[in-house]
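Just below is one structure, and these are the notes that go with it.
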Amino acid sequence: MSKHGLTKERIITASEDFFSKYGYYGTSMSDISKATGVQKSSLYSHFDSKEQLFLKVYQGVLDSAAAQLSNIFFDNRLSDEEKLHQMFLLFCLSETADILRIGLHPNPECQEQTTEILLKFEENFKTLLIGLFKRLCVTKADDDCCEVFFFLLNGVMIKKDNYRKDEYPQKVELAWNAFCQWTKIK
């Protein structure tokens with residue numbers, strides 16, 4: 001990889017960390033410049049704006065999540081119930097969950113693009129979910145099941161800040177169990 005490419009990757013990695021910890025508005029290009037050792041003016045030679053940088057990071061996080069979901073789906077050591085549960089936990093408890101949460105409340109400057117990225121991701125994820133629902137003989141309509149799954153995930157992720165750190169995993173499991181009861185999975 002070229003020096004330019006390595007620098008760009010370093011910027012993206014640092015930005016993901018900052019956006020995860022401090023959100024979109026709590027992250028500045030100056031913070032990223034200090035963390036990477038790349039002059040602020042040079043950041044703009046890689047990314048035209050903070051919005052463009054955020055969108056690159058967000059797309060990368062969703063691409064990574066898609067790969068992880070695919071790995072879970074094709075893991076023959078897991079039952080279909082375990083696969084679905086692992087997928088749910090990936091969004092709620094993974095290291096990238098905070099970036100995914102930012103996409104649920106996108107900043108106005110890049111809301112349209114963020115929403116487009118998220119909806120495309122969800123559409124692709126739906127294919128895996130519907131496959132699992134069919135194999136689990138879930139009697140609810142596929143689209144309804146997917147929508148409830150996404151709504152539940154979004155709600156749990158949005159409420160994360162309302163709970164103590166030790167409470168949140170319990171709330172995630174409570175939501176998961178409610179979904180299982182509704183779908184009659186267990």
Side-chain angles (χ1 to χ4, degrees), residues 1-72 86-126 149-173 175-176:
M1 184 178 284
S2 69
K3 182 179 178 184
H4 181 80
L6 289 172
T7 300
K8 193 170 187 170
E9 286 304 312
R10 196 168 77 228
I11 293 167
I12 291 169
T13 300
S15 299
E16 183 179 332
D17 189 45
F18 273 94
F19 287 131
S20 290
K21 288 180 183 171
Y22 307 111
Y24 179 84
Y25 292 111
T27 299
S28 71
M29 293 299 263
S30 295
D31 295 331
I32 296 166
S33 173
K34 287 176 193 168
T36 59
V38 176
Q39 291 184 359
K40 190 174 173 182
S41 60
S42 293
L43 289 177
Y44 289 104
S45 70
H46 295 280
F47 300 95
D48 293 337
S49 63
K50 184 169 94 168
E51 293 84 12
Q52 185 189 44
L53 176 56
F54 173 75
L55 290 169
K56 179 70 172 171
V57 168
Y58 190 64
Q59 182 68 62
V61 166
L62 287 177
D63 289 347
S64 176
Q68 291 174 45
L69 289 168
S70 183
N71 289 340
I72 292 168
Q86 289 300 311
M87 289 176 175
F88 189 80
L89 295 177
L90 174 69
F91 289 100
C92 298
L93 301 176
S94 74
E95 296 171 7
T96 57
D98 289 329
I99 289 272
L100 296 171
R101 284 181 342 127
I102 292 170
L104 300 176
H105 294 293
N107 58 309
E109 293 88 356
C110 56
Q111 181 171 1
E112 188 176 317
Q113 300 96 320
T114 304
T115 301
E116 184 180 317
I117 291 167
L118 180 62
L119 291 177
K120 185 177 179 184
F121 170 82
E122 283 184 353
E123 196 58 39
N124 292 332
F125 182 30
K126 249 183 175 178
F149 188 87
F150 291 137
F151 287 141
L152 196 55
L153 274 177
N154 295 347
V156 168
M157 289 176 9
I158 288 170
K159 300 260 309 168
K160 180 181 180 186
D161 293 334
N162 296 359
Y163 302 114
R164 291 187 325 260
K165 199 172 191 170
D166 63 317
E167 269 184 320
Y168 183 65
Q170 296 167 344
K171 299 299 182 181
V172 169
E173 282 304 310
W176 170 250

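- Remark: Phe47 pairs with no residue by the ring pair (Phe, Tyr, Trp, His ring centres under 6.0 Å) rule, at least two apart or across chains.
- Atom CG of Leu55 is separated from atom CD1 of Ile117 by 5.0 Å, given to the nearest 0.5 angstrom.
- A side-chain donor from one of Gln68 and Ser64 sits under 3.5 Å from a side-chain acceptor of the other.
- Ring planes of Phe121 and Phe91: perpendicular class, angle over 60° (limits at 30 and 60°).
- Across all their heavy atoms, Val57 and Ile12 have their closest contact at CG2-O, 3.8 Å.
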*Do Leu53 and Met29 pass the side chain to side chain contact (heavy atoms under 4.5 Å, CB included) test, and can you show the C-alpha distance, the side-chain angles, and the key distance before you say yes or no?*
CA-CA 9 Å; Leu53 176 56; Met29 293 299 263; 3.9 Å; yes
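- Here Phe54 pairs with Phe19, Tyr24, Tyr58 under the ring pair (Phe, Tyr, Trp, His ring centres under 6.0 Å) rule; sequence neighbours left out.
- The ring pair (Phe, Tyr, Trp, His ring centres under 6.0 Å) check on Tyr22 picks up Phe18, with sequence neighbours excluded.
- Between the side chain of Glu167 and the main chain of Tyr163, no donor-acceptor pair closer than 3.5 Å is present.
- Put simply, the side chain of Thr13 gets close to the backbone of Glu9: a donor and an acceptor are under 3.5 Å apart.
- Gln86 meets the side-chain hydrogen bond (donor to acceptor under 3.5 Å, both in side chains) test with no other residue; sequence neighbours excluded.
- By the neighbour-count criterion of 12 heavy atoms within 6.0 Å, atom OH of Tyr44 is densely surrounded, having more than that number from other residues, nucleotides or ligands.
- Around NZ of Lys171, the count of heavy atoms belonging to other residues, nucleotides or ligands within 6.0 Å does not exceed 12.
- Among residue pairs with one or both ends in residues 20-40, those qualifying as salt bridge (charged side-chain N to carboxylate O under 4.0 Å, His left out) are Asp17-Lys21; sequence neighbours excluded.
- Atom-to-atom distance recorded for Gln52:CD and Lys56:NZ is 9.0 Å, nearest 0.5 angstrom.
- Remark: side-chain polar atoms of Ser70 are not paired, donor with acceptor, to backbone N or O of Ala67 under 3.5 angstrom.
- Here the closest non-hydrogen pair linking Ile32 and Ser15 is CD1-OG, 3.3 Å.
- To the nearest 0.5 Å, the span separating NE2 on His46 from OG1 on Thr36 amounts to 8.5 Å.
- Asp166 meets the salt bridge (charged side-chain N to carboxylate O under 4.0 Å, His left out) test with Arg164; sequence neighbours excluded.
- Put simply, the side chain of Glu173 reaches to within 4.5 Å of the side chain of Leu89, judged on heavy atoms.
- Surrounding CD of Gln111 are more than 12 heavy atoms belonging to other residues, nucleotides or ligands, all under 6.0 Å away.
- What you find for Lys165 and Pro169 is that their closest heavy atoms are O-CD, 3.3 Å.
- The line from CG of Leu119 to NZ of Lys126 is 9.5 Å long, rounded to the nearest 0.5 Å.
- Here the OG-NZ distance, from Ser28 to Lys50, works out to 7.0 Å after rounding to the nearest 0.5 Å.
- Nearest heavy atoms, Cys92 versus Met157: CA-CG, 4.3 Å.
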*Carefully, step by step, assess Val172 and Tyr168 under the rule side chain to side chain contact (heavy atoms under 4.5 Å, CB included).*
CA-CA 6 Å; Val172 169; Tyr168 183 65; 3.6 Å; yes
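- Residue Ser30 holds its OG atom at 8.5 Å from CG of Leu43, rounded to the nearest 0.5 Å.
- Closest approach of Leu152 and Ala175 over heavy atoms only: CD2-O, 3.2 Å.
- Side-chain contact between Leu118 and Thr114: absent, with no pair of heavy atoms (C-beta onward) separated by less than 4.5 Å.
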